[in-house]
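Note sheet for the following structure.
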Amino acid sequence: MRRRALLVSGALASLASVILRGVGFGRESAPRTGPRAGYFPNAILRTHENKPVRFYDDLIKGKVVLINFMYTNCDGLCPRQTANLAAVQRALGDRVGRDIFMYSITLKPEEDTPKVLQEYAKSNGVKPGWLFLTGKPEDVEKLRRKLGFVDPDPTVDKDKSQHIGVVLYGNEALDRWAACPALTDPTEIVRYVLWMEPKNKQAAD
Amino acid sequence: MLSRREWIKEGLWSIPAFHYGLGTLLNRRISNEDDKVTSPPTRPFVVELPIPPVAQAIQKLDPAPDPAAHQRYSEFPPRVFYEIHQKEAKHSFHPDLPENLTWGFDGIFPGPTFHARYGEPIIARFYNDLPANHVGFGIPETSTHLHNAHTASESDGFPTDFFFSGQCKDNHYPNIYAGGDPREALGTLWYHDHRVDFTTQNVYKGLVGFYLLFDELDSGHEEDWNPGLGLPSGDFDVPLAFADKAFTPDGQVFFDAFNFDGILGDKFTVNGVIQPFFKVARRKYRFRLLDAGPSRFYQFFLSKDEPGKTSELFTLIANDGNLLPAPLAVQSVELGVANRMDVIIDFSNYKIGDQLFLENRLEQTSGRGPTGKIPIGDAILRFDVDRDAADHSRIPSKLRELPPINLSEVVTERRWVFERSQGAWAVNGKFFNVNEIRANPEQGTAEIWTLKNGGGGWSHPIHIHMEEFQILTRNGEPPAPHEVSRKDVVNLGPGDEVRIFIRFRDWVGRYPTHCHNTVHEDHAMMFRWDVTGRNGENPPSPRVFGTRILP
């Protein structure tokens, strides 16, 4: 009897899989073929320049990226985190926006409109290639969970002032992902990001 | 009909998991109950326990090793040479699952077992033949660490000393006693990848193997009772690597790259296969238990006839691969990630036809650490007593004397607090930075380090490279009998504070200390410390051989 329960649960799992893969993002027209196409939502977000973007297709697919979460009126971690990432952007120079992309997603999409984010980006010396992103609260929340910016303690998780301060870095084309604290020495973050490209002939240090 | 026990054996009781279309995520995303799924079912105890083959030495290395690349090379010139190729290969975890592409030393998981001897220095040349443009978890850049070896920094597999697909690197394993003291002998070591930020992924991918070190006392010959100890040897000395894994609904190993707390699998592998059985003779066996991670703690019991029924006695002889002063009769052994426990089970106490289950009764539901003991756990390995066999081994009343702790050698005390910080992991409030030297012990001195769990209910198995330490106190009390030992991984449960005595002998250069819940390690719970020579000696830079053209 339990054996049957197992089989049933297995079958349900497969069914769930089919549903998620087949129907989950059926409304979007763009082809979704990268290694994480089935994982990342393709929700439409808005940039601090007030442009609509699809999360997976426009921001992630085939790219080397850095992703963190923040909100503009955060007086705890965010100012230091943003300043640190600004140092990363300066160090990476014009590669940001060309073949490396930086994304900061707001944890308070209700307050952080594109206009608010634009002011924040400006005051933090953000240059092209680094986008601050907002969207529908439910889309942002889903993204946050998919990207792992979740505290296992539900009380802590609800408290935005205690949000996760890591920066995810990866190369979607290779499905290669890692994360480090957003306050890691910026020169180290730069090294980590550059390591995301396949290179056979270069020594590590 | 599946009884509750069988249900438990299947591992299905333990962990809620959630499905995201790409695979199985474990136990964290509370709001995604609708996505819940577990690994596909697998029948327990249908696969025989594989024993990794013994690594075979070769005559010479071509090109020859570079003496200038190693500390004290001329004092310990290599006498034994190995070539190990890290490569991708097909692997079967279980006949109920499709084959997987894993990474292994020589393409197997676990890799070949080194049989090394004190006084016989080794050069092991590690080739990185992994696919350069690999897609998926794992990064084809590796730094092989020989865990608990007393090696020079440049052969230690420091996290940022990694090299690329198409390259190779020589590690010099001199196989010397720390300080020349045979009481410092190591026995059960393991080698694994240590690539910074990707250790979990690369080890999860399969880059794990055993390295056993023998000497006059632990001679590897059970007939040898003088000067040898006569411990079970040969086919009766069996390494067991435990690693929990998760699988997607279509049976591929699933790795959750978007989890910074620790990952658990709902399938328990031993030496690379899920829930194997092992046919044993009615005699003594030495088992070398290794928790190969990434985040799970175990407390193993031995139950007769069925899981959860009895708690048989067995004998603990080594902690973290180091022989204890005397054997201890135990009903269970607890392992945090990277701990090794050598035990002797005497199957002559049982009849032909008897079955015994090695069972983990430590519940754990997240990367946080164990929640507590449970009466019936996961039966991970079944022993089938099926024959008689000669037994020339013994369990002597004394094993290896402990080297004395001489507090007058202590020149410095340091305190290290391991804590959660901003959703990542810090030591004394700082994240790993390879350029920051956090301690500079002088060669030949000793120090007392206090290792403190920074709270939040997390457990941290803390590993210190380079030389074994001894525990002075755990939470102000003398260590429990099984921890009166030389160690290299100490488990800090919630609130724990452990004071250790550690020496820094023989080598100079940089080494790391880190949490061996490798997900914590990969998210910055690590620091660098450098042993400084008395005359300011610097170690040679780790040398990577040039790119080869791979066929």
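Chain letters run A, B, ... following the sequence lines, proteins first and then strands; every chain starts at 1. Predicted model, so just to flag it, every value in this text is computed and none were measured.
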Partner chain A: residue of [options] with the largest heavy-atom pair count (under 4.5 Å):
options	value
Val135(B), Asp522(B), Asn433(B)	Val135(B)
Gly457(B), Pro140(B), Pro40(B)	Pro140(B)
Ala424(B), Ser421(B), Gly138(B)	Ala424(B)

Classify the angle between the aromatic ring planes of Phe258(B) and Trp177(A) as parallel (below 30°), tilted (30 to 60°) or perpendicular (above 60°).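 Plane angle between 30° and 60°, so tilted.
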Between [Y] and [X], is there a side-chain heavy-atom distance shorter than 4.5 Å?
X	Y	value
Arg80(A)	Gln422(B)	yes
Arg368(B)	Asp153(A)	yes
Leu168(A)	Phe260(B)	yes
Asp185(A)	Lys430(B)	no

Spacing of CG belonging to Leu183(A) relative to CZ belonging to Phe431(B), to within rounding of 0.5 Å: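 One gets 6.0 Å once the value is rounded to the nearest 0.5 Å.
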Assess the residue pair Asn435(B) and Glu188(A) against the criterion (side-chain contact (heavy atoms from CB on, under 4.5 Å)); give the C-alpha distance rounded to whole Å, side-chain angles, the decisive distance to 0.1 Å, and a yes or no. CA-CA 9 Å; Asn435(B) 298 312; Glu188(A) 290 303 293; 2.9 Å; yes
Relative to chain B, which segment of Ala182(A) carries a heavy atom at a distance below 4.5 Å: side chain, backbone, both, or neither?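 Neither part; nothing is under 4.5 Å.
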Look at Asp197(B) together with Arg191(A) and state whether they make a salt bridge at an N to O cut-off of under 4.0 Å.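 Salt bridge between Asp197(B) and Arg191(A), a charged N being under 4.0 Å from a carboxylate O: no.
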side-chain contact (heavy atoms from CB on, under 4.5 Å) between Arg176(A) and Ile139(B), intermediate numbers included: CA-CA 7 Å; Arg176(A) 184 175 292 176; Ile139(B) 191 166; 3.6 Å; yes
Leading residue by heavy atom contact count with chain B [cutoff under 4.5 Å; candidates Thr187(A), Val166(A), Asp157(A), Thr184(A)]: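 Of the candidates given, the most pairs with chain B belong to Val166(A).
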For Lys51(A), does the NZ atom sit with more than 12 other heavy atoms under 6.0 Å from it, leaving out its own atoms?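 Not buried by this count: 12 neighbours or fewer within 6.0 Å.
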Which atoms form the tightest heavy-atom contact between Asp261(B) and Pro152(A), and what is the distance?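 Looking at all heavy atoms of both residues, the closest pair is OD2-CD, 3.3 Å.
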Taking all heavy atoms of Gly423(B) and all of Ile164(A), pick out the closest pair and write down the distance.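 Between these two residues, the closest heavy atoms are CA-CD1, 3.7 Å.
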Relative to chain A, which segment of [X] carries a heavy atom at a distance below 4.5 Å: side chain, backbone, both, or neither?
X	result
Phe198(B)	side chain
Arg195(B)	side chain
Gln201(B)	side chain

